[in-house]
Amino acid sequence: MTRMEERYNFRETEQKWQTYWNENETFKVENVSDKPKCYVLEMFPYPSGRIHMGHVRNYTLGDVIARFRRAQGFNVLHPMGWDSFGLPAENAAIENKVHPAKWTRENIKTMKAQFQPMGLSIDWSREISTCEPEYYKHEQKMFLDFLKAGLAYRKTSMVNWDPVENTVLANEQVVDGCGWRSGAPVERKELAQWFLKITDYADDLLEALQTLEDWPDRVRTMQTNWIGKSEGARIWFDLIGRDDKLEVYTTRPDTLYGASFCAISINHPLAKELMDGNDDLAAFVAKCNAIGTSEAAIETAEKLGFLTPYKVKHPFIDGVELPVYIANFVLMEYGTGAVFACPAHDQRDMDFARKYGLPIKAVVAPKDADAATFAAELEAGNEAFSGDGIAINSDFLNGLGVTEAKHAAIEKLKALGVGEGTVQFRIRDWGVSRQRYWGCPIPVIHCPSCGAVPVPEQDLPVTLPEDVTFDKPGNPLDHHPTWKHVTCPCCGAKAQRETDTFDTFFESSWYFARFCDADNDTTGFDPKAADYWLPVDQYIGGIEHAVMHLLYARFFTRALNTCGSISVKEPFKGLFTQGMVCHETYKDEDGSWLYPGDVDKQGDKAVLIENGSPVTIGRSEKMSKSKKNTVDPGKIIESYGADAARLFMLSDSPPDRDLEWTESGIDGSWRYIQRLWRLAAQPKFDFLSQADTADGFDGEAEATMKLAHATINAVTDDLAKLRFNTAVAKLRELTNQIADMKGEAKGSAAAYRFGLETLLQLIVPMTPHIAEEIWHAIGNTTPLVDTPWPQAEDKWLINDTVTLVVQVNGKKRGSIDVAADAATADIEAMALALPAVQNQLGDRAPKKVIVVPKRIVNIVG
RNA sequence: GCCCCUGUGGCGGAACUGGUAGACGCGGCAGACUCAAAAUCUGUUUUCUUCGGAAGUGGGAGUUCGAGUCUCCCCGGGGGCACCA
């Protein structure tokens, strides 16, 4: 063995093993193997320029799983790439006059160099960058396939329009009704946009959530809510004096007998019809629009109604006519943009009815209530009743429960030809057009006579022009002198390219398939490669992607499946959402944010290092540039090493909870790394030359052997369940056990060595560098990274004697050591003989003695 | 308003299907080594205590031989959704 330095030099060691892994292509994988496959993927980063602690946590978690599975004998795919289209690149272009491509590629280079010292087990041969034509040309082909399959279409819809920047903004880019950069009030504008038919898969996307057992319930709930399936009925009310009908959607057809009016959206065609020359209505619409769409505005918004001259016939009751209002609470985007209102059983309708003096009629009463009394109280009050109950005052529905009454009402509507049962979804088709330069061009040509014509496949890719300017607002593709001017592929006439680009969620909707076959130049990936690797076994990322990215990717995979490009439907079998990395916040006397590095903490107080002026310590929040509570991963790795940083990311906090970054925490991890080193470099006794198991094990040696084997099982289980914090705790316990050994028992040296080697084998996924270094230093020649995961031996897991706690009336009074197979009667006798038990019982005889084998004895006195 | 998560020492957090509450770490305290400091090591660290014990997992009830864990009600913290008919 090599002589070990007294102190561990992490800089040298970490560099050494990283170089070894790179040169040996240790983590490069093939798409064929006789081992079972395991695909571990972390959400790929946006190349913003610098890695942050969130990245470190994310990629450490994934790396531990990847290394663990690799050791367990899986063929592990653990790739990395760059989600490199997006707005920040264009902002940089505008602010710093640098081309988005240059900015992005330089950032990738920087960030890749920052990832390198983390020691991640990544197959870099599969690296991808989504802004390169080699990547995005495939998604242009996919889009053409979607068009053919009827999964993509163009329609005019309302969008958030920034009048200063002349571009569409995503909902997230609208802050308090204003553009996030320009600060100008956002306008609603109708614009022709490309959509993908995610709604075709609404039911499947919802149903399949139940099969995703390895997803957090939270995410499944959020997607369920987002898809928003509701079952109800469409009803066609006869408009009196007109030929047409008013179509409404309701989830409560059982309350039709309580209907008192209908209400339509201000954007409903009937409302628009009335708008011509009607100043009162125009004023009303203006008033509604002025309320705004912010949460607070809606919360306090008054119910506003405008009575139209229209009336509709009640579908069930002859001769009853209902007035039609235009109301601010009815949304054109949901259902049919029209509702019938039953004030007694809907709070919103109740508020509206009270305000405008409309009738209120109770038609459902709780099971146990006296119907007449209940109805009278309900109709006199201001509180609607929306609970379950029995139909009353409802003719043929009377006596039915809500569910049965809904069915009966729908049957009757169908029989009368005035309605039908229907399912309504909240989710809407995915608008993918963006008036942006730094995205994938939408491969379509607009011809005055042929319309929107797909770019012929042989003309792909449609690449972004390099020579663009950002000196005026709007889309540089639109301003480009020549790029958009082309001829129609159909008729040869002068035509224009589509100048919109795809939403950048497009790229992240299939990158996991690209990693399976990253060099494929024909279809983006070979279906066979995707079949082999997909679905991703463990996907890891932030909860912020619970709906958007994760839903788009699930849809996209289904769409590719429909087009025959892929055989799976669900891209991610297991999903793990990690918590945020947080840090205390600091402010100076003027209330400006301060960097932790500028602050000197002394107990509960803090001062500015520069001049000693007082600093206010704020609550711990997600690390963010704006609050300056960030810690640079590069500096941390530089001063503590990657292993210490990785270990800290895994210790203490469960990975799905927020992690509080502290100096003392990273110090603690660093101390552990040093301690681990001393275990081998400065042992209390010579465990290497004396290691001999011929005489068996005794005392501390036996205890170490037992703990080592128990730890193998415990840590294996913890890692499989992603309970890294408890795995670390158990490894520390084993470390303590080994460190406490004195070398005096039979087999001490052998047990010490076995314990240490076990520890290294179990900790190598977390702290790969030091584990590998010690492994070799104590004489192993096969790299630890290629050593199979340890297996616990049964003989060390069995205990001859067990300690039983003895309770009297549920309170602990002592304990007894008994043989594992001791008879119940003997155990009882021993427990009762304990002085502490005698004291408690006094003269009384025990009423009952409960013996739970290998656990507890409870004496009831 | 609806839905979800969460509440355990000074702090982060352990506690498998109900069975020794506080593993492991951070911080603190005391001591050793040192001229001194750092590092390291040893001990101690839920609270109260008449040193026998007693209380204790946000609060209150319940089920049980036994509850941090299960049930019901209430309170606090965090997050998501929402004029969704």
Side-chain angles (χ1 to χ4, degrees), chain A residues 7 216-222 224-226 228 230 232-233 248-252 255 262-263 265 291 293 295 297-304 327-331 333-342 345-349 351-352 386 424-426 543-544 546-547 603-604 647-648 651-654 656-660 662-669 671-672 674-675 678 682 714 717-718 721 723 725-736 739 803-815 839 846-861:
Chain A
R7 277 178 75 87
D217 288 341
R218 197 155 57 126
V219 176
R220 295 200 280 178
T221 307
M222 283 165 78
T224 303
N225 291 340
W226 188 266
S230 81
V248 308
Y249 173 72
T250 181
T251 53
R252 294 297 301 271
T255 64
C262 282
S265 160
I291 288 174
T293 51
E295 201 176 304
I298 288 165
E299 191 82 27
T300 53
E302 205 183 347
K303 302 281 172 283
L304 296 175
N328 63 339
F329 64 81
V330 182
L331 306 175
E333 297 83 31
Y334 187 78
T336 61
V339 299
F340 89 78
C342 175
H345 304 287
D346 182 293
Q347 191 58 47
R348 207 184 36 203
D349 296 346
D351 296 346
F352 192 89
S386 56
Q424 182 70 38
F425 290 95
R426 200 188 83 104
I543 186 74
E544 66 272 21
V547 174
D604 300 345
L647 187 63
F648 178 58
S651 312
D652 295 355
S653 290
D656 52 345
R657 282 204 223 166
D658 287 353
L659 173 91
E660 171 74 7
T662 58
E663 277 290 310
S664 53
I666 182 74
D667 275 343
S669 293
R671 278 204 298 271
Y672 177 78
Q674 296 296 335
R675 197 160 171 242
R678 286 196 303 272
Q682 303 170 38
D717 190 44
D718 278 348
K721 289 172 179 158
R723 291 190 303 223
N725 56 323
T726 53
V728 170
K730 283 159 195 163
L731 290 171
R732 280 178 178 272
E733 279 184 84
L734 180 58
T735 308
N736 291 344
T803 302
L804 296 183
V805 166
V806 178
Q807 296 182 331
V808 178
N809 293 326
K811 288 226 169 281
K812 184 188 168 188
R813 297 295 169 190
S815 64
N839 274 342
K847 284 186 193 144
K848 197 170 163 189
V849 180
I850 291 149
V851 177
V852 182
K854 296 181 185 179
R855 286 204 186 276
I856 211 161
V857 181
N858 192 14
I859 296 157
V860 187

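If you're wondering where the values come from, they're calculated on a predicted model, not measured in any experiment. Chain A is the first sequence line, chain B the second, and so forth, proteins listed ahead of strands; every chain is numbered from 1.
- Nearest nucleotide to the side chain of A:Arg855, out of B:C84, B:G19, B:A55: B:G19.
- To the nearest 0.5 Å, the span separating CG on A:Asp346 from CG on A:Asp351 amounts to 9.0 Å.
- Counting to the nearest Å, the C1' atom of B:C81 and the CH2 atom of A:Trp226 are 9 Å from each other.
- B:C72 and B:U63 have their P atoms separated by 15 Å, with the value rounded to a whole Å.
- Contact annotation: A:Arg426 side-chain N/O to B:A82 OP1/OP2 distance is under 4.0 Å.
- A distance of about 40 Å separates the P atoms of B:C48 and B:C4, rounded to the whole Å.
- Distances shown here put a side-chain N or O of A:Tyr334 below 4.0 Å from the OP1 or OP2 atom of B:A85.
- Ranking B:C83, B:C41, B:G27 by closeness to the A:Arg675 side chain, first place goes to B:C41.
- Considering only side-chain N and O atoms, A:Arg678 lies nowhere under 4.0 angstrom from the phosphate OP1 or OP2 of B:U40.
- As rounded to whole Å, 12 Å separates atom P of B:G25 from atom CG of A:Leu731.
- Residue A:Lys811 is in sugar-phosphate contact alone, with no base atom involved, counting any heavy-atom pair closer than 4.0 Å across all strands shown.
- Looking at heavy-atom distances under 4.0 Å, A:Arg813 makes contact with sugar-phosphate atoms alone, never a base.
- Within 4.0 Å (heavy atoms only), A:Asn858 reaches at least one base atom of the nucleic acid.
- Nucleotides B:U8 and B:G13 have their P atoms positioned 9 Å apart, rounded to a whole Å.
- In terms of phosphate contacts, A:Arg671 brings no side-chain nitrogen or oxygen within less than 4.0 Å of OP1 or OP2 of B:G25.
- Rounded to the nearest Å, the gap between the C1' atom of B:A14 and that of B:G68 is 12 Å.
- In this structure, of B:A85, B:C65, B:C16, it is B:C65 that holds the atom nearest to the side chain of A:Lys848.
- Nucleotides B:U47 and B:A23, compared at atom P, are 13 Å apart to the nearest Å.
- By the rule that a glycosidic angle within 90° of 0 means syn, B:G9 counts as syn.
- Around atom CZ of A:Arg675, more than 12 heavy atoms belonging to other residues, nucleotides or ligands sit under 6.0 Å away.
- A close approach under 4.0 Å does occur between a side-chain nitrogen or oxygen of A:Asn736 and OP1 or OP2 of B:G25.
- Within 4.0 Å of A:Glu733, counting heavy atoms only, lie sugar-phosphate atoms of the nucleic acid but no base atom.
- Separation of the C1' atoms belonging to B:G22 and B:G7 is 16 Å when rounded to the nearest angstrom.
- Backbone-only contact: A:Thr250 has heavy atoms under 4.0 Å from sugar-phosphate atoms and none from a base.
- Between the side chains of A:Thr735 and A:Tyr672, a donor-acceptor pair is found at a separation under 3.5 Å.
- Annotated as anti: B:G10, whose glycosidic dihedral deviates from 0 by more than 90°.
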